[in-house]
Protein chains: 2
Amino acid sequence: MAAPVDIPDIVIGRLPIYLRALSQLADEGHDITSSHELGQRLGISSAQIRKDLSHFGEFGKQGTGYQINHLLGQLKQILQVDHEWAVALVGAGDLGHAIARYGGFLERGFRIVAVFDSSPEKIGRELNGMQILPADDLSTVISEQQVKIGMVAVPARYAQEVTDELVKAGVRAILNYAPITLVVPKGVHVQYIDPVAHLQRMTYYID
Amino acid sequence: MAAPVDIPDIVIGRLPIYLRALSQLADEGHDITSSHELGQRLGISSAQIRKDLSHFGEFGKQGTGYQINHLLGQLKQILQVDHEWAVALVGAGDLGHAIARYGGFLERGFRIVAVFDSSPEKIGRELNGMQILPADDLSTVISEQQVKIGMVAVPARYAQEVTDELVKAGVRAILNYAPITLVVPKGVHVQYIDPVAHLQRMTYYID
DNA sequence: TAGATTGTTAATCGATTAACAATC
DNA sequence: TAGATTGTTAATCGATTAACAATC
């Protein structure tokens, strides 16, 4: 059995960017693109794009480039986004509401199947076609439905606690909107959405 | 005149993370920390933290570590977030509403001072204490108020167009919520908020 | 065919880490 | 003082780029 070649995480991180750019090209009516064209759009060298893709196979044709639809399909398969994922959302405040209502998740393959909150006045209300469930049911619902992805949209001080419960219930990937660093066991992945951190990174450069 | 030493962007990108972790430590009542403690929390080596900080000066004391409040202050100065920034928001749909209402921006030094939309039925309505302004006024308002930061929360197909206007009006940093890559002239910075891309990056790793 | 572009190798570049003298 | 931790140097590691044979 061949050892699974492990691909640098930084490469994996660029695949969704390629996916996004390819979708855009497809939307614009293109059928074929090249590493050069793609690189131009993304501000990435063509060599890097070819190198990145070469980790997974050969997807292009010399002299021609890449069939956009084919490459899209291959990338989706690699990232395992060739099927829909069920997602649990914790937190039904302003942010949770916005997330639940945002159509872009479903559009791109992530279906929010449950929303939890701990506030008695929110529990039972409807949000985007779902009933807001009590946080106490989190573990049961997630285990039963075998949900593997969670989104944390609770105030910072509850985020670690919520994370621990998600992990215990079997969640393997967490998208964290709270501005704190979460501690998770190995094998569980966390990504952070912190718009303010992005702004702070840019203000450094403003005269 | 010494040439301004230019610091790797990847280092700049970590400073907001340090800022966030230090704030958290301060909130928890700590006065002092070390590169080791900070690194543990963030999953970063202590050597890297010391190296990163060394680009900007000496902020610690051998044998003791870092005075949290002092380091916080220094980092804020370096990132230029030791004063409030005015921000313009374009797009008053669901996402724009959520952004406008989210308290975390102001809390951390970014004040949304104007919201624009092109839909006649939204223009004039109130949103978080502001009147929604017509997109046609974007250029004037931003130039006059010398706003340097913009947030783009419009559908993907309008995002580039809006960006061009923002840039023309003098905006130097753009936080883009639309899932497309934007083209901007040198000297203008863009950061992307694309939660789906983060999810796609994690699904790769799920058995 | 001639031109274009891939996939891949080797060279370069840059970032991270280990180690330690300095010193609080 | 003894222990701890900084700031920095040099070594290591890994990622990016340049270049080109293969080939459509």
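Just the heavy atoms: all of them, side chains too, but no hydrogens, waters or symmetry mates, feed the values below. Letters A, B, ... are given to chains in the order of the sequence lines, protein chains preceding strands, and every chain is numbered from 1.
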Rounded distance (Å) that lies between atom [atom2] of [N] and atom [atom1] of [X]:
X	N	atom1	atom2	answer
Glu58(A)	dT5(C)	CD	P	18 Å
Leu42(B)	dT16(C)	CG	P	14 Å
Asp9(B)	dT16(D)	CG	P	13 Å
Ile44(A)	dT17(D)	CD1	C1'	13 Å
Gln48(A)	dT12(C)	CD	P	19 Å
Ile10(A)	dT16(C)	CD1	C1'	13 Å
Leu53(B)	dT16(C)	CG	C1'	15 Å
Lys51(B)	dA11(D)	NZ	C1'	12 Å

> Does His36(A) or Ser45(B) map to a spot on DNA chain C nearer the 5' end, using the closest nucleotide for each?
Replying inline: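 Upstream on the strand: His36(A).
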
> Nearest nucleotide by nearest heavy atom, which residue falls closer to the 5' end of DNA chain C, Val11(B) or Ser54(A)?
Replying inline: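 Looking at DNA chain C, the more 5' nearest nucleotide goes with Ser54(A).
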
> Considering Watson-Crick and G-U wobble pairs with both distances under 3.5 Å, what does dA11(C) pair with?
Replying inline: dT16(D)

> Paired with dC24(C) by Watson-Crick or G-U wobble geometry, both distances under 3.5 Å: which nucleotide is it?
Replying inline: dG3(D)

What I want to find out is whether [X] reaches [Y] closely enough, with some N-O distance under 4.0 Å, to be called a salt bridge.
X	Y	value
Asp52(B)	Arg14(B)	yes
Asp9(A)	Arg201(B)	yes
Glu84(A)	Lys148(A)	no

> Quick one: which of dA15(D), dT5(D), dC20(D) gets closest to the side chain of Arg50(A)?
Replying inline: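 Of the options given, the side chain of Arg50(A) lies nearest dC20(D).
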
> Do we get Arg20(B) above Tyr192(A)'s six-membered ring, with its NZ or CZ under 6.0 Å from the centre and within 45° of the axis?
Replying inline: yes

> For Arg50(A) and Ser35(A), does a side-chain donor sit closer than 3.5 Å to a side-chain acceptor?
Replying inline: yes

> For Gly187(B), does its backbone N or O pair with a side-chain atom of Arg172(B) as donor and acceptor, under 3.5 Å?
Replying inline: yes

> Which part of the nucleic acid, if any, lies within reach of Ser46(B) when heavy atoms closer than 4.0 Å are counted: base, sugar-phosphate only, or nothing?
Replying inline: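 Contact class for Ser46(B): none.
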
> Does a side-chain N or O from Ser35(B) land closer than 4.0 Å to OP1 or OP2 of dT6(D), or not?
Replying inline: yes

> Within the pair Arg14(A) and dT16(D), is there a side-chain N or O less than 4.0 Å away from OP1 or OP2?
Replying inline: yes

>> Using a strict heavy-atom distance below 4.0 Å, which residues from residues 59-72 of chain A are in contact with DNA chain C?
In response: Phe59(A), Gly60(A), Lys61(A), Gln62(A), Gly63(A), Thr64(A), Gly65(A), Tyr66(A)

>> Please find the pair of heavy atoms, one from Gly150(B) and one from Val171(B), that lie closest to each other, and give the distance.
In response: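 For Gly150(B) versus Val171(B), the nearest heavy atoms are N-CG1, 3.7 Å.
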
